[in-house]
Amino acid sequence: MQPGGQAHTWLGSVLSWRTTIVLRSCAVLGIAGLAFHLAHSQLGVGGRGADNFADNWLYDGLILGSAVACLARGITVREQRVAWLMLGAGLGFDAIGEIYYSLVFGDSGTPPIPSLADLFYLLYYVGAAGGLVMLARDRIDRLSASTWLDGGIVALTVTAAVASIAFERILGAATQGSAAAIATNLAYPVGDLILLGLVAGITGLVGWRIGRAWLLLGLGLALSAVADTIYLYQSAVGTYMVGGLLDAMWIASALAIGFAAWQRPRTGAGLQLADRRRMFVPAACALLSLAVLLYGGIHHVGTVGLALAAGAVLLVFARAAWTFHENVLLLDASRREAQTDALTGLGNRRAMSAALDRAVERGPDSDPAVLVLFDLNGFKLYNDRFGHIAGDSLLSHLGLRLREAIGRHGGVYRLGGDEFCVLLRCDPADTDDCIRDAAAALSAGGDGFAVGTSYGRVAIPVEAHTATTALRMADDRMYAQKGERRSSARQQTQDVLLGVLREREPGLHDHLREVGRLAVLAGRELGLGDEELDDLHRAAQLHDIGKAAVPDAILSKPGKLDPHEWAFIERHTLVGERILAAAPALAPVAVIVRSSHENWDGTGYPDRLAGERIPLGARIIRVCDSFDAMTSERPYAPAVSPELALAELEQCAGRQFDPGVVRAFAAAWRVQADQGSQERGRQASAIATPMAHSPAETPAATLHP
C-alpha cells in the first residue's frame, strides 16, 4: 500500500476543485521560488541587491511554506495525521531556526555554538525521524525476518558509504571547542546518518514498493541528510559558501516533503521490484559494503564507516542463511503437499507408493506388514443424492475416523475418489481387529443412505514381496468382495422382481431376458465398461417391471386402447422407477428404466426427452426391445426376419431410435450371425400389449410398449 494507501477515498473528497487550484498554485510558487534562488546564486539574476531576499527571506519562506503544507495535511485529514504533523513540526522547527538565524546573526558567519538556532535545527531530526517511522508503520502490516534483514542491510550500507566518505573529517572538526559545542557538532552527523539509514532501511522494509508520495518523501529526507553531510564536511574543510547549490538542496528537500503530503494515491502506481529482482538489492549492498572494507584496507577510512560496512556484510550473511532456511521450509512444505490428500489430510497415492516401496525394499526378507485397500459401497449414490459438497464432507469425516481407528498401527492413505488404503506394520495374524475397526470407521448411515466398504488385504512378504504384486492382489480381492456384496444385494432384489413377472406372465419374462442379452451385445459394441454393462443388463431385464401395476384387461386387450387406457401404459415406466428405487442397490437401474420408452425425436414417454438427453442405456434398450418384438411371434402380427427388423430399425433411426445405437446394434448382430456364435434358442412368445394400436407410433418398430 502506498503512503496513505486508503487515501484514494478521503483524498478525493478533500481535494475539491478549489483546494486543488490552491495546492497547484502553491506548488507553482514553490518551484518558481526555487528557480529564482538557483538563478540568483548561479547566474546572478537580481543582482547583489537581491542577496538578502534570496538567501534569507525567500529561503526561510519556502521552508516555512513546506512546513505549513505538512501541518495542513495532518490537521485536515484523519489518516496518518500524527505522521504528517510530526513531519510538519520538524520542518517548522527548521524554518524557525532559519528565521532566528537570519534575524539574529544575519551574514555574520560567526554564530556561537551552540545557539538557540541549533536547538530548532536538531528538533527537525526528531520530527522527521518520528514522522517517517509513523508512516512506515502504516505501510507495513506484517514483517518477516527476511524483510527486516533487507531493511537493515540497505540502511547499514548507505550509512557506511556516507560515513566512509565524510564522517571522519566531520568528526575531526566537530571535536574542537567546548563540550557543548562538541556535542552539538556531533549531533548533526549522527542525525543525518540516522535519517539516511531510516529512509534506506524503511524503503527496503516495504519491499521496494515506492509510490509517488513515498518517493517524494524519501527524496526530500535523503536530500536533507546529504545536504547536511556536505555542509558539515565543507565547514570542516572551510569551503562552504552561503547561497550556493547546497542551499538550493535544502530548499528542494523541504519542497519535496511538502509536495509529498498532498499527493493523490493511485492504485497500482509506483515503482515495485519483482520478487526475483529483490535479491539483487542485498547483493548490490553486499558488494558496496565489501568495496568500503577493501578501500579501507588501502586508504584510511574512519572506524564508523568500517564498522557499518562490516555490520552490513554480516547481515548479508545472515540474510543468506535465513534464505536457505526459508527454502528448506518451503521444500518441506512442498514435499508434504505433494504427498498429502488435500481433502482428508491423509497421505495420497504418491505417499502410499513410497511407503509400500519401503515396506518391500528387502524383498522376501522384508519385515511383516499388511496392505489393505478399501472401496466404499453406496458412496456414489450418496454423492448423487446429496451433492458433491456433502460427498466431500463425508469423505473427510470418514478419513478422520479411519486415521483414529488405525492410530499408531500403520499409515493411512486416500488413493482418490472413494478408495482408501492402510499399510499396517505388524504381523498379519494380529490384524483382524484392526481391519475390522477400519471397516467400521469407513461406514456411515442415515436417513435415506447407507455407506459401507469392501476391502482386500495382502500379507507382506508372505503373499507378495513386491509393490506391484501386493497392489494387484489387494485390488483383486477388494473387487471380488465388492462384487459378491453388490451381487448379493442387487441379484436378490432382481430375482424377486423377475419372479413376480414370471408368475404373472411367463412370455413377458422371456422377452425381457432376451432384451437383456441383446442390450449387453450392443453395449459392448459401444464400448461400455463392466459396471455400465451390469446396470444396462439389469435395466433391460426390468424395464417393463412397472406393468405389474397395469390391469390385465388393458395388457391383454386385443383392440385399440382408448386415451384412459393408454395413460396406464405410459405410467408403467414411472411405476417401474419407483419399484426399483426402493432398493438402493438398483437406484442406477431405476434411472434407465424410467426413460426406456423415450424416442430420439422427443415423442416418447414419460418425459418427452429427445436426443442425448435420454440416458444411453435407455436408448440401447429401446432399440433391443423393438428388435426382439419384431422378430417374435405376436397375436396381431407374424415374426419378421432379423434382416427385415434391422432394416426397419435403420429406417426409423433419427425418429424413434438413436442412429448411433442402431448402427452399433446392427454391426454387433451381424458379427454374431456371421460367426454363428449363438442360437436364438427360443420360441416366439406373445407380446402382452400391441403398441401398433397406438396412433402415435409407426407399425413396425413400435410393436412393444
Side-chain angles (χ1 to χ4, degrees), residues 2-4 7-8 10-47 49-77 79-80 83-85 87-96 98-99 102 124 127-128 131 135 210-224 226-227 242-266 269-271:
Q2 296 176 0
H8 62 284
W10 56 258
L11 200 52
S13 61
V14 170
L15 294 182
S16 64
W17 66 272
R18 290 189 179 87
T19 306
T20 302
I21 291 175
V22 171
L23 290 174
R24 289 179 177 175
S25 300
C26 292
V28 169
L29 288 175
I31 294 173
L34 175 61
F36 178 78
H37 187 279
L38 280 170
H40 173 71
S41 62
Q42 301 303 310
L43 303 176
V45 174
D51 286 351
N52 185 52
F53 170 76
D55 297 338
N56 293 314
W57 303 116
L58 177 61
Y59 178 92
D60 299 346
L62 290 174
I63 294 179
L64 183 60
S66 297
V68 170
C70 293
L71 292 171
R73 161 70 169 78
I75 292 171
T76 57
V77 180
E79 282 78 4
Q80 300 175 337
W84 288 106
L85 287 177
L87 284 165
L91 281 176
F93 285 126
D94 189 42
I96 292 172
E98 294 291 353
I99 294 172
S102 298
Y124 161 76
L135 283 177
I210 306 172
R212 187 167 60 184
W214 185 262
L215 183 63
L216 284 171
L217 179 62
L219 177 64
L221 293 174
L223 274 176
S224 174
V226 171
V242 177
L245 285 175
L246 194 57
D247 291 355
M249 288 181 63
W250 278 312
I251 296 175
S253 165
L255 290 177
I257 297 173
F259 292 162
W262 292 98
Q263 292 303 306
R264 186 190 299 272
R266 296 180 181 177
L271 172 64

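Keep in mind it's a predicted model, so treat the numbers as computed, not measured.
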At their closest point, which heavy atom of [X] faces which heavy atom of [Y], and how far apart are they?
X	Y	answer
Ser224	Tyr124	OG-OH, 3.0 Å
Leu87	Gly131	CG-CA, 4.0 Å
Ala261	Ala69	CB-O, 4.2 Å
Ile257	Gly220	CG1-CA, 4.0 Å
Arg73	Glu79	NH1-O, 3.0 Å

According to side chain to side chain contact (heavy atoms under 4.5 Å, CB included), who are the partners of [X], at least two apart in sequence or on a separate chain?
X	value
Ala89	Phe93
Ala67	Leu91
Ala227	Leu246, Met249, Trp250
Leu58	Phe36, His37, Phe53, Leu62

Could you grab the distance from atom [atom1] of [X] to atom [atom2] of [Y], nearest 0.5 Å is fine?
X	Y	atom1	atom2	value
Leu71	Leu64	CG	CG	9.0 Å
Gln42	Leu245	CD	CG	4.0 Å
Ile63	Ile96	CD1	CD1	12.0 Å

Report task. Could you please spell out the steps behind the side-chain contact (heavy atoms from CB on, under 4.5 Å) verdict for Trp84 and Ile75? Result -> CA-CA 9 Å; Trp84 288 106; Ile75 292 171; over 6 Å; no
Side-chain atoms of residues 25-35: list all donor-acceptor pairs with protein atoms under 3.5 Å, sequence neighbours left out, distances to 0.1 Å.
unit_1 : atom_1 : unit_2 : atom_2 : d
Ser25  : OG     : Ile21  : O      : 2.7

**Report entry** Partners meeting side-chain hydrogen bond (donor to acceptor under 3.5 Å, both in side chains) with Ser253 (sequence neighbours left out)
**Finding:** none
Query raised in the report: Do Tyr59 and Ser102 have side-chain heavy atoms sitting under 4.5 Å apart?
Result: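 Sidechains of Ser102 and Tyr59: no contact.
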Query raised in the report: Is it true that a side-chain atom of Glu98 and a backbone atom of Asp94 form a donor plus acceptor pair closer than 3.5 Å?
Result: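 Checked: no pair found.
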